[in-house]
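What follows is a short report on a single structure.
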Amino acid sequence: MSEEKLLMKGNEAIAEAAIRAGCTAYYGYPITPQNELTAYMARHMLARGRIFIQAESEVSAINMVYGSSAAGARAMTSSSSPGVSLKQEGISYAAGADIPLVVANVVRGGPGLGSIAPSQADYFQSTRGGGHGDYYTIVLAPKSVQEAADLTYLAFELADTWRIPVILQADGMIGQMMEGVVLPPERDLKTLPKRDWVVGYQAGTGREARHISSLDLVPENLEAKVRARFKRYEQIKAKEVRYEVIGEDADLYMVAYGTSARVCLGAKKLAEKAGIKLGLFRPITLWPFPEMALSKLAEKGKPFLTVEMSMGQLVEDVRLSVLGRAPVHLLGHCGGVIPTEEEVFAEAKRILGR
């Protein structure tokens with residue numbers, strides 16, 4: 001396929017990037033604001049002879065992804081906040097069994113049914129595991145339709161490389177907006193990484209039957225497995241941290257991701273006209289969080305303003321990274337309310353005493 005620039009909705013760009021990354025099995029269930037993603041998969045996965053199933057529930061969908069991935073497929077599901085909550089047990093099972101899979105969460109307002117408007121209030125859920133037990137998932141946060149496509153493509157690679165569930169966390173605005181996007185190249189399915197650990201028994205090969213499970217009833221054995229997994233998490237922290245810094249020489253640093261980061265860039269332009277230097281620190285991996293990079297930035301002693309579409313979740317990782325070396329402020333909205341450029345600029349001026 002050509003690499004010309006196309007006008008696409010974020011949800012559709014995620015879907016097409018997943019197909020091009022070699023997703024061979026998709027299982028979903030409708031929920032706003034990610035429905036275009038599932039609809040796109042319904043059309044295009046079947047057209048390529050791949051698996052698409054609209055499951056009877058979110059719980060069924062995530063367990064189908066688990067089973068397909070364990071059998072060797074590059075598998076994916078998608079949903080929005082309440083639906084992802086229902087998938088958490090299955091994600092925990094996948095983490096406990098070292099099953100690679102991709103989950104796209106197009107975040108809406110909560111808690112509960114909340115609203116269908118954009119939100120970032122699932123930050124805790126995604127970066128702290130989300131389900132039961134000791135585990136993490138890699139979490140990628142795009143700020144544009146282009147990044148939604150690129151990070152979806154990357155998500156499948158990271159999932160296979162580390163045998164870990166990967167979450168693409170796009171707030172509802174990213175999923176619904178339309179922008180120009182250059183899509184990544186389509187993978188030849190024959191070139192996908194070989195999985196020498198998949199379940200099954202092959203008669204006549206001499207290979208023993210393989211079983212995959214997160215269950216181990218011997219406490220010492222289970223502890224050893226979890227500790228080994230946490231050593232892998234340390235490797236992920238060392239190799240897979242991604243972030244962006246714009247304007248390192250600043251009077252104040254804004255910290256934001258997704259749509260909030262776009263708003264901050266607008267506030268930065270307003271500040272430039274007023275002779276005020278604002279910087280932006282944008283985590284791209286929400287987990288592993290770029291704590292060392294943010295910690296180094298905090299050595300300058302300049303104030304931080306965390307801007308997020310929640311009552312304050314990202315700000316906790318900011319505070320943990322800064323460790324009291326600089327003041328950390330919060331501008332948060334919830335329920336689907338999006339901060340404005342003018343509001344962020346006004347808050348920055350207030351903090352700076354301008």
Side-chain angles (χ1 to χ4, degrees), residues 10-11 14 33-34 80-81 104-110 114-127 139-148 151 167-177 179 242-247 250 252-272 276 278-287 289-291 293-294 297 303-322 328-351:
N11 285 330
I14 293 169
Q34 68 84 54
S80 294
S81 307
N105 181 8
V106 183
V107 185
R108 60 188 254 181
S115 74
I116 62 172
S119 174
Q120 294 177 331
D122 293 0
Y123 183 91
F124 282 160
Q125 182 189 64
S126 62
T127 60
V139 186
L140 304 171
K143 76 168 177 64
S144 65
V145 174
Q146 182 65 62
E147 276 198 355
L151 294 180
I167 295 176
L168 181 83
Q169 186 122 321
D171 59 71
M173 180 67 75
I174 303 298
Q176 289 294 319
M177 69 169 54
E179 289 184 323
R242 289 168 169 80
Y243 62 94
E244 179 184 34
V245 181
I246 300 175
L252 175 148
Y253 298 101
M254 302 171 288
V255 185
Y257 68 97
T259 294
S260 295
R262 297 170 71 107
V263 172
C264 287
L265 288 174
K268 186 177 186 303
K269 291 181 180 179
L270 293 177
E272 288 171 357
I276 298 173
L278 298 184
L280 172 64
F281 184 94
R282 178 173 72 96
I284 298 171
T285 49
L286 303 186
W287 194 92
F289 189 77
E291 56 187 274
L294 190 56
L297 196 62
F304 289 85
L305 173 61
T306 303
V307 180
E308 52 185 303
M309 290 147 59
S310 78
M311 290 299 291
Q313 298 184 22
L314 166 66
V315 70
E316 294 204 3
D317 279 334
V318 175
R319 288 175 179 144
L320 287 169
S321 301
V322 169
V328 177
H329 303 265
L330 169 67
L331 194 164
H333 280 295
C334 63
V337 178
I338 299 173
T340 66
E341 299 170 358
E342 293 79 10
E343 181 183 15
V344 174
F345 178 43
E347 181 65 9
K349 287 195 296 183
R350 185 193 69 78
I351 294 167

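Residues Gln34 and Arg108 are not in side-chain contact: their nearest non-hydrogen atoms beyond the backbone lie 4.5 Å or more apart. Met254 places a side-chain heavy atom less than 4.5 Å from the side chain of Leu278. Here the side chains of Met309 and Thr259 are in contact, with some heavy-atom distance below 4.5 Å. At least one side-chain heavy atom of Leu252 sits less than 4.5 Å from a side-chain heavy atom of Ile351. Within the 4.5 Å cutoff, the side chain of Val307 has no heavy atoms near those of the His333 side chain. When side chains are defined from C-beta on, Leu140 does not count as touching Ile167, because their heavy atoms never get closer than 4.5 Å. Leu280 has its side chain out of reach of Tyr253: every pair of non-hydrogen atoms, C-beta onward, lies at least 4.5 Å apart. Between Thr306 and Val328, the closest side-chain pair of non-hydrogen atoms falls below 4.5 Å.
Asp171 and Tyr257 share no side-chain donor-acceptor pair at under 3.5 Å. Gln146 and Ser144 share no side-chain donor-acceptor pair at under 3.5 Å.
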Exercise. Given Thr340 and Val263, is the side-chain contact (heavy atoms from CB on, under 4.5 Å) satisfied, shown in steps?
Worked result: CA-CA 6 Å; Thr340 66; Val263 172; 5.5 Å; no
For this session: Decide yes or no on side-chain contact (heavy atoms from CB on, under 4.5 Å) for His329 and Val315, but give the supporting numbers first.
Result: CA-CA 8 Å; His329 303 265; Val315 70; over 6 Å; no
Problem set entry | Test side-chain contact (heavy atoms from CB on, under 4.5 Å) applied to Ser321 and Phe289, step by step | CA-CA 9 Å; Ser321 301; Phe289 189 77; 3.4 Å; yes
Problem set entry | Step-by-step side-chain contact (heavy atoms from CB on, under 4.5 Å) determination, Asp317 to Glu291 | CA-CA 8 Å; Asp317 279 334; Glu291 56 187 274; over 6 Å; no
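The minimum heavy-atom distance between Leu151 and Ala141, with the atom names listed, is CD1-C, 3.8 Å. Gln169 and Val139 make their closest contact through CB-CG1, 3.9 Å (heavy atoms, listed as atom of the first residue, atom of the second, distance). Of all heavy-atom pairs spanning Val255 and Phe304, the tightest one is CG2-CD2, 3.7 Å. The shortest heavy-atom contact between Ala256 and Leu314 is CA-CD2, 4.1 Å. Nearest heavy atoms, Met173 versus Ile338: CE-CD1, 3.1 Å. Of all non-hydrogen atoms in Phe345 and Ala271, the two that sit nearest each other are CE1-CA, 3.5 Å.
Note that CG of Leu330 is 8.0 Å distant from CE of Met311, once rounded to the nearest 0.5 Å. Taking SG from Cys264 and NZ from Lys269, the interatomic distance works out to 13.0 Å, rounded to the nearest 0.5 Å.
Although no hydrogens or angles enter the test, the distance criterion places a donor-acceptor pair under 3.5 Å between the side chain of Thr285 and the main chain of Arg242. With hydrogens and angles ignored, the 3.5 Å screen pairs a side-chain donor or acceptor of Glu179 with a backbone N or O of Val145. Between the side chain of Asn11 and the backbone N or O of Gly175 there is at least one donor-acceptor pair closer than 3.5 Å. Side-chain atoms of Ser80 come within 3.5 Å of backbone atoms of Val106 as a donor-acceptor pair (strictly under, hydrogens ignored). Judged by distance alone, with hydrogens and angles left aside, the side-chain atoms of Gln176 form a donor-acceptor pair with the main-chain N or O of Pro33 at under 3.5 Å. At least one donor-acceptor pair closer than 3.5 Å links the side chain of Gln313 to the backbone N or O of Phe124.
For Leu270, the CG atom counts as densely surrounded, since its 6.0 Å shell holds more than 12 non-hydrogen atoms of other residues, nucleotides or ligands.
Judged as a salt bridge (charged side-chain N to carboxylate O under 4.0 Å, His left out), the pairs with a partner in residues 333-347 (not counting sequence neighbours) are, in order, Glu347-Arg350.
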